[in-house]
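Side-chain atoms are counted along with the backbone in the values below, which use heavy atoms only and exclude waters and symmetry mates.
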Amino acid sequence: MKKRLVIQGRLSDAQQAELSDLFEVDVLPQATALDATENRALLAEAHGIIGSGLAITPQLLDAAPNLKVIATISVGYDNIPVDALTKRGIMLCNTPDVLTETTADTGFALIMAAARRVVELAEWIKADKWQASIGPALFGSDVHGKTLGMVGFGRIGQAVARRGALGFGMQLLYSNASPKPDLESELGAQRRELNELLAEADFVCVTVPLTAETERLIGAQEFALMKPSGIFINIARGKVVDESALIDALENGVIQAAGLDVFEQEPLRAASPLTKMPNVVALPHIGSATHETRDAMAQRAVDNIRLALQGERPISLVNEETYQ
């Protein structure tokens with residue numbers, strides 16, 4: 001008898017066909033709550049769940065006694081109770097690696113856009129304000145040769161750093177990571193305590209995962225340590241930053257500008273002060289949002305869940321202790 005699989009959201013036709021050839025498949029729309037009453041019968045039979053933005057609750061796990069694996073189409077899993085899955089012997093798979101370079105592209109695009117005031121000045125032209133050559137009031141800041149401080153130095157942080165060091169001749173600092181002697185040799189990176197990094201860097205880019213230790217890691221005290229000319233970039237998670245403190249720092253000239261792909265509450269509403277500030281570049285959480293990368297992420301999740309349900313080790317397994 002084929003094992004049963006619940007898909008939330010849309011995979012490509014080829015990916016869905018690949019799973020349908022191997023398993024009994026039930027497809028739910030992205031907007032559907034997995035643990036809604038009408039889905040309880042599906043969950044009761046499900047051996048696997050695959051999708052993005054999965055809302056995994058204790059109630060859902062209680063309703064899915066046969067569940068063996070959850071494959072999230074994301075690298076982050078802060079919305080999934082890993083300990084609860086592990087206690088039940090349920091594997092959790094994610095999709096690292098395949099989105100590293102694309103997310104780093106987004107991070108560096110924010111560095112460039114915030115420094116050179118790209119969005120602000122593009123809107124300035126659309127408003128028909130370009131009547132003469134611009135003056136110092138509209139000048140931006142150089143990126144090349146400046147100091148880039150990486151708060152977090154995992155895959156994505158290292159990829160952003162390589163762009164800065166190798167492409168723009170930037171000096172590199174990093175914190176919130178164990179020493180990386182190979183990267184110190186390759187890129188000239190220097191390890192700093194967080195407070196030292198904030199004080200020295202011209203650009204501060206946050207790439208740490210969201211955990212109990214990193215929630216609100218950056219707040220008023222940290223912004224006060226930055227240079228008034230400093231530019232803050234967040235491509236991690238919105239809750240890593242005290243957003244009200246960030247707004248205050250931007251409004252009061254504590255820092256110069258910010259480039260943000262993530263926010264405390266998403267979607268970000270138009271009423272947020274961040275949407276009104278010319279010195280803020282705000283994006284709708286597009287870090288990995290290219291056709292190529294999203295397809296690669298979905299394929300990694302497909303491969304993960306296929307291997308897990310066939311009794312093999314998934315490529316990207318979060319809770320290793322669940323694989324016997």
Can you pull the salt bridge (Lys or Arg N to Asp or Glu O under 4.0 Å) pairs that have at least one residue in [range], sequence neighbours excluded?
range: residues 139-163; result: D97-R155, E101-R163, D105-R163, R162-E186
range: residues 47-73; result: D62-R88
range: residues 253-266; result: R216-E264

Taking NZ, NE, NH1 and NH2 as the nitrogens, is one of them in K3 or E24 under 4.0 Å from a carboxylate oxygen of the other?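 Looking at E24 together with K3, the answer is no, because their closest N to O distance does not fall below 4.0 Å.
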
Electrostatic pair K239-D242, nearest N-O below 4.0 angstrom: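 Result for this pair is no, no salt bridge flagged.
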
Mind checking what makes side chain to side chain contact (heavy atoms under 4.5 Å, CB included) contact with Q299, not counting sequence neighbours? Q15, E18, V302, D303

Hey, could you give me each pair passing ring pair (Phe, Tyr, Trp, His ring centres under 6.0 Å) that has a residue in residues 163-192? Not counting sequence neighbours.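 Passing the test, one end in residues 163-192: F108-F168, F153-Y174.
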
Between S175 and R191, is there a side-chain donor-acceptor contact under 3.5 Å, judged purely by atom types and distance? no

Side-chain H-bond candidate by donor/acceptor type, S316 with N94, under 3.5 Å: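 There is no such pair (donor and acceptor under 3.5 Å, judged by atom type) between the side chains of S316 and N94.
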
Does one hydrophobic cluster hold both L166 and L183, with members joined at side-chain heavy-atom distances below 4.5 Å?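 The answer is yes; both residues are in one hydrophobic cluster.
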
Side-chain heavy atoms nearer than 4.5 Å, only ILVMFWY residues, links allowed to pass through others: does that put L198 and F232 together? yes

Members other than L34 in its cluster, when Ile, Leu, Val, Met, Phe, Trp, Tyr link by side-chain heavy atoms under 4.5 Å?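 L34 clusters with V6, L28, L42, L43, I49, L54, I56, L60, L61, L67, I70, Y77, I80, V82, L85, I90, L92, V318.
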
Main-chain N/O of N319 paired with T322 side-chain donor or acceptor, under 3.5 Å: yes

Within this structure, what is the OG-CZ distance for the pair S52 and R10, rounded to the nearest 0.5 Å? 12.5 Å

